[in-house]
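Residue numbers begin at 1 in each chain, while the letters A, B, ... track the order of the sequences. Keep in mind that this is a model prediction, so the values were computed, not measured.
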Amino acid sequence: MRYDHAEIELRWQDEWERANAFHADVDHSKPKFYCLEMFPYPSGRMHMGHVRNYSIGDAMARFHRLMGKNVLYPMGYDSFGMPAENAAKKERGHPATVTDRNISSIQEDQRRMGYSYDWRRRLATSDVDYYRWNQEMFLDLYDRGLVERRSAPVNWCVDCDTVLANEQVKNNRCWRCGLDVVQRDMAQWFLKMTDYSDELLDSLDEIEFPENVKAMQRNWIGRSRGAEIKFNTEKSGAEISCFTTRPDTIFGVTFLTLSPEHPLCEDLCRGTEWEEGWRNLRDECARLSEFERINLLKEKKGVFLGQHAINPLSGDRIPVYAGNFVVAGYGTGAVMAVPGHDQRDFDFAKTYDLEIRRVLVEKPGDDPNHPLEQAFTDYGPMVNSARPEFDGLSGDDAKSAVIDALESENTGLGTTQYRLRDWLLSRQRFWGTPIPMIHCDSCGIVQVPREDLPVELPLDVTFTEDQSGNPLSSHDGFTNVTCPSCGSAASRETDTMDTFYDSSWYFMRFCDANNSESPFSREFVDYWMEGGVDLYIGGIEHAVMHLLYARFFTKATRDMDMNSVGEPFGRLVCQGMLNAPAPYCSDCNAEFHVELEGKECPTCGSILGSRSAKMSKSLGNTVSPGDMVERYGADTVRLFILFGANPEAGMEWSDTAIESNHRHILSIIDAFSSVSTMDSDQNQIDEWLRARGRANLARWIDCMQAVSLREGVMISHFEMLSDWQWYVRRGGRNRDSAIEYLSKWAHMIAPATPHIAEELWTKIGGKQMLANTVLTQDQAHENDSVTLAEEAYLRDVIDTARTLLPLAQKHSEKPINRIVIQTAPEWSADLAKEAIELKDSSFDFVREGMSFIKKHQSFANSSDKGAVIQFWSSITTGSKKRRGKVQTWTAEEATLIRSGANERAILESRSQFIAATLGIENIEVYEAGTGEDAGGKAKFAQPLEPGIAFL
RNA sequence: GCAGGUGUACCCGAGUGGUCAAAGGGGGCGGGCUCAAGAUCCGCUGCAUAGUGCUUCGCAGGUUCGAAUCCUGCCGCCUGCACCA
């Protein structure tokens, strides 16, 4: 068959579309499967990373349809955001135009790949039909007290002209543009995600996320349990509250350190000789961003604030410092310093010559006065406590004893701190959901009344490159409103929402995408989302941001009675990186653009080698999906992607591999085509082919269920082919057997390569399109295992013979033209069978084996009793190095022995094939001892391992 | 520094304490078919060897009758977090 992939693929895409093959609706009579990919930002054309993502998802969606599930598989676009705004500036247009254009182009690419989306549910977050619900739910959240407007130091990106959430700052750089982030104080909108800190953390244990994602989220939430301890200053009596995770070191506190911005600093040192030092330190810190403070600060600096505080449990008088390493925003902004048991405090104490006190030892009985060379930071028994009743306590006992004491004396309490902050939601950008709020001089902040929703983005805005700031704020038609509460002139909020808000609930909208009354109906969401999205596939880069926001949003809407889900994603799969070779200089350890391939390193001048690196625009080592689809067809590209690596593993692009995958599809086509030359002749291999088809199908289903797509594809596209080739090689030519096998096979290749599957299915007479069939898995037949085992035995014998043949040739003067196969004598086959049966009944061969065999009839009847004993022990107990064969026979081999198979008959009936395969003219098969001992090989004859002689 | 992951043959990659010299693919080599090329098919791809032997799964130890697999300690790589109190 000529393989015109473009023609075939486009034709089947039309057929599917015409048949509405992928429409899915709520149907309680079927189990549901919700398969979802992280929806893309429509930046233009689809790239290979997308192809990988969607090829995985589509294969799983199609597989579960074959399994009879009701599959929801939608696609949409995360279409708000900066790039469209920047592009609009360049072309002096409107982001809406840019966005629509990009969506059409990426959607066209997706359709060309044959992905089986229910396109009726398509959504784009920048459509007012979508973002109006952002606004509705924002007001719901507001009513519930989950929205707050407050002034706070925020991360500002000058280039993007907007604030960023903490999660969006990586190494003090903007996650989008890479520019350094600066700190600003601004009034901003927050979602109180911290209300859910504990649940977000604790329920991680219940969901099937990859470990690294869970670790990142745990890390990000950063719960630490400890105590807040109140120290009062000696002179003014001011209270300094310190958070610590180590209350067990309370008696080792030798100074306190405040962050230089701490409001108490000024109170403490005002008008003293210490004031200037503090001011200098504070100003110096103010010039640094928080990131630099934390990460780039090598030198720990501190200044004495001129006052002392009192340790509430010991009464000790300790100096109070301001230190540049204390972060204002974490804990209370004040640290109790325990130089004996904290390395940072230890270093600080050394620099400023402060007391270092040991209050823990490593193990009971250690010398409490042994000096500390460095901080001892592990847990250990308390010593030198100002209140001796604490001595000897360690770890959690020590902590809770201290906390109890603090609480009963009202000088502190056990608390929990989180690293997680509230979600800073507002952005000073145009292309996002307007926050539905109004600022009124007399009434303050007022909600936009629900009947006035949606607040739409104006279309009459022209973007130009010299613009800065948010065009909304200079758009009078947008900003000028009357206050809904008092009716006087007021101004509309011009901040828009972070686009992560859009993606925090789109998976629920997909369940009910065309609802015009509400964001989604509870009934639909509860049906599709029960147990979460069944399979969610996307990149690891959203491990913290999107996946945390979405989890929060799902819990918040659950608590607003909008659903009963709680956790949005049941199983998360993070696809691995897609790599391709890039020029590389090993001396400089640097990668370069593919333009420099084979040239000299621009830095050091040595010749560049090559190394695999993440596909990226900057290295130019990308591959265009469009080109590949044009050359090989979508099916080949999909096969390459799925067979190249399991979903979570990294994968290498390889030109030769995709080429070979394409040839492989041609071979599959050939295999299906050969059915036309078949007839009604039956042959012993036919039953094998049927059995093999059943067994492969069962294994394939297991792999696919487990999202082991690589293994699945290996069975469906590779093993099925080589088994087919074995069938043909063995003389198989029966049309009915072939059709039975090929029918299964067509189904099995459909998830990965759906177009060619439909085509081949039709060619062998399939009626209903595969996209709409449910695959019934027939039970293995009773004889299957024996049928398969006999053939496996044949292959074993041939394999052994094949390795022996060249060795025999070396020993032979004349050309080899005869093979003699001597199967094991009957008595040994019988004993093997008995041994297996005994093993099944947990017989103890070591203790009872010998007496068993000596009483056995074979032993009594044998002329060579030594041989019987030797054989018996070799198959039952084995030797030191080799276990008894009864332990090592495969299930298949054991089945064959148990069935009492006649090896001689098995081989004899296939002897012509054996001879032909080995290229030998004459073949003889007989049981050892019933003919001449050709070549003296009878002694090698064991059950399933005949003696083979080449003559 | 902390956390998660990972290390298997020329390369990529499977691998549940014994059936493991280790699936599968790529690449390489040889052969059949062909006037020839391509496609396709068959085989080989640690060493030794007329079969059961030897050495190998990051390194070093250990548990076991038996370890790629389990334990301990190192080393390398990837990812995330980080003066977080």
Say you pick atom C1' in B:rA82 and the same atom in B:rU16; how far apart are they, in whole Å? 38 Å
For the pair made of CG in A:Asn661 and C1' in B:rC12, what is the distance, rounded to whole Å? 13 Å
For the residue pair A:Arg710 and A:Phe643, would you count it as a cation-pi contact if the rule is NZ or CZ under 6.0 angstrom from the ring centre and within 45 degrees of the ring axis? yes
If I pick the C1' atom on B:rG15 and the same atom on B:rG24, what distance separates them, to the nearest angstrom? 11 Å
When the P atoms of B:rG53 and B:rA68 are considered, how many whole Å apart are they? 15 Å
Taking only the side-chain heavy atoms of A:Met714 (C-beta and beyond), determine which of B:rA85, B:rG80, B:rA23 contains the nearest atom. B:rA23
Using a heavy-atom cut-off of under 4.0 Å over every strand shown, decide if A:Thr800 touches base, sugar-phosphate, or nothing. base
Return no unless some side-chain N or O of A:Thr656 is found under 4.0 Å from OP1 or OP2 of B:rG26. no
Side chain of A:Phe643 only, heavy atoms from C-beta on: which candidate in B:rA85, B:rA50, B:rG25 is closest? B:rG25
Can you check the distance between B:rC77 and B:rG30, where both ends of the measurement are the C1' atom (answer in whole Å)? 38 Å
Just by distance, do the side chain of A:Arg638 and the backbone of A:Gly633 share a donor-acceptor pair under 3.5 Å? no
When we call it a touch if two heavy atoms are under 4.0 Å apart, what does A:Ile540 touch: a base, just sugar-phosphate, or nothing? nothing
Which part of the nucleic acid, if any, lies within reach of A:Pro247 when heavy atoms closer than 4.0 Å are counted: base, sugar-phosphate only, or nothing? nothing
Among B:rC81, B:rU79, B:rA85, the nucleotide that comes nearest once only the side chain of A:Asn219 is considered: B:rC81
On RNA chain B, nearest-nucleotide positions of A:Asn212 versus A:Gly644: which is more 5'? A:Asn212
Pick base, sugar-phosphate or nothing for A:Ala808, based on heavy-atom distances below 4.0 Å to the nucleic acid. base
Roughly how far apart, to the nearest Å, are B:rA60 and B:rC75 at atom C1'? 10 Å
Looking only at side-chain atoms of A:Glu211, point me to the closest of B:rA85, B:rA50, B:rG5. B:rG5
Donor-acceptor pair, distance only, cut-off 3.5 Å: does the side chain of A:Asp345 make one with the backbone of A:Val338? yes
Closest to side chain of A:Phe940, choosing from B:rC42, B:rU52, B:rC81: B:rU52
Scanning both residues in full, the closest heavy-atom pair of A:Pro943 with A:Ser828 reads CG-O, 3.9 Å
Are any side-chain N or O atoms of A:His664 and backbone N or O atoms of A:His717, one a donor and one an acceptor, separated by less than 3.5 Å? yes
When all nucleic acid strands are considered with a 4.0 Å heavy-atom cut-off, which category describes A:Arg218: base, sugar-phosphate, or nothing? nothing
Check every atom of B:rA50, B:rA14, B:rC84 against the side chain of A:Arg344 and return the nucleotide holding the closest atom. B:rC84
Side chain of A:Arg729 only, please: which of B:rG4, B:rG43, B:rC81 is the nearest? B:rG43
If you look at every strand shown and take non-hydrogen atoms under 4.0 Å, does A:Lys885 touch a base, only sugar-phosphate, or nothing? nothing
Closest to the side chain of A:Phe950, out of B:rA50, B:rG26, B:rG5, is B:rA50
Taking the minimum atom-to-atom distance to the side chain of A:Arg663, which one of B:rG80, B:rG13, B:rG27 wins? B:rG27
Side-chain (A:Gln942) to main-chain (A:Ala824) donor-acceptor, under 3.5 angstrom: no
Should A:Arg710 be listed as having a side-chain N or O under 4.0 Å from OP1 or OP2 of B:rA14? no
